[in-house]
Amino acid sequence: QCSEIYTLPLGLYVEIYINGTFYENAVPVSKAIEEFLRANRLQAVGDVLGLPIENHLLHNNPDKYINKAFLQVEKGQ
C-alpha cells in the first residue's frame, strides 16, 4: 500500500509515449523532447517524470511495454 500521494502542479506539460523501456529509450527520448521544446520555444520547469502504462504486469516482452514521459514546461524567450 502506498503511504505517499503526489499531486502534479497546475500548468503546461509536454508528454511523449514510449514503446519499450525508459532505459533503452532515454537518449532518443531526451533528444526528441529537447528538439520539441526548442522548436516550440518552451523551457522545462522540472524533471522528466515517467509513468508506466503497460509493463511487466501485462507483457513478458519489454518491446511491448508502453511508458509515458512528461515534464512541466513554460513559455520561453
Side-chain angles (χ1 to χ4, degrees):
Q1 186 175 26
C2 182
S3 61
E4 296 183 42
I5 297 174
Y6 297 97
T7 302
L8 294 173
L10 184 65
L12 180 63
Y13 286 80
V14 168
E15 61 183 45
I16 185 170
Y17 287 84
I18 304 159
N19 290 323
T21 66
F22 285 116
Y23 179 78
E24 292 172 338
N25 292 289
V27 172
V29 167
S30 295
K31 287 181 181 179
I33 290 172
E34 287 176 10
E35 290 174 14
F36 182 85
L37 295 180
R38 188 173 26 259
N40 291 281
R41 296 184 178 150
L42 298 169
Q43 292 180 319
V45 174
D47 296 328
V48 174
L49 304 170
L51 178 66
I53 305 298
E54 294 186 16
N55 59 13
H56 64 282
L57 299 173
L58 297 172
H59 302 290
N60 292 328
N61 182 352
D63 293 336
K64 293 188 176 187
Y65 293 1
I66 300 172
N67 293 284
K68 178 170 80 168
F70 58 102
L71 72 151
Q72 189 175 15
V73 296
E74 63 186 10
K75 292 182 181 180
Q77 302 283 334

Open item on the list: If I take atom CG from residue Asn19 and atom CG from residue Asp63, how far apart are they, to the nearest 0.5 angstrom?
Closed with: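 Answer rounded to 0.5 Å: 9.0 Å.
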Open item on the list: Please give the remaining members of the hydrophobic cluster of Ile5, linking ILVMFWY side chains under 4.5 Å, ordered by chain and number.
Closed with: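 Joined to Ile5, directly or through intermediates: none.
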TODO: Considering only Ile, Leu, Val, Met, Phe, Trp and Tyr, and joining two whenever side-chain heavy atoms are under 4.5 Å apart, list the other residues clustered with Val29.
DONE: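 Members besides Val29, by chain and number: Leu12, Val14, Ile16, Ile18, Phe22, Ile33, Phe36, Leu37, Leu42, Val48, Leu71, Val73.
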Task: Summary of salt bridge (charged side-chain N to carboxylate O under 4.0 Å, His left out) pairs that have at least one residue in residues 3-12, sequence neighbours excluded - done: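 Passing the test, one end in residues 3-12: no pairs.
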Task: Thr21: partners by side-chain hydrogen bond (donor to acceptor under 3.5 Å, both in side chains), with sequence neighbours left out - done: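 side-chain hydrogen bond (donor to acceptor under 3.5 Å, both in side chains) check on Thr21 returns Glu24.
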Task: Residue Leu10 excluded, over 12 heavy atoms near CG under 6.0 Å - done: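 No, because the 6.0 Å sphere around CG of Leu10 holds 12 heavy atoms or fewer from other groups.
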- [ ] Write down the atom of Gln72, the atom of Gly11, and the distance for their closest heavy-atom approach.
- [x]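 Between these two residues, the closest heavy atoms are NE2-CA, 3.8 Å.
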- [ ] Side-chain contact test, heavy atoms from C-beta onward, threshold under 4.5 Å: evaluate it for Leu8 versus Leu49 and give yes or no.
- [x]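 Answer yes - side chains close enough.
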Task: Within residues 37-54 or reaching into it, pairs that qualify as side-chain hydrogen bond (donor to acceptor under 3.5 Å, both in side chains) - sequence neighbours excluded - done: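 Listed once each, the pairs are Glu54-His59.
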- [ ] Could you list the residues that satisfy side chain to side chain contact (heavy atoms under 4.5 Å, CB included) with Lys68, not counting sequence neighbours?
- [x]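 Listed in chain order: Glu15, Tyr17, Leu51, Ile53, Phe70.
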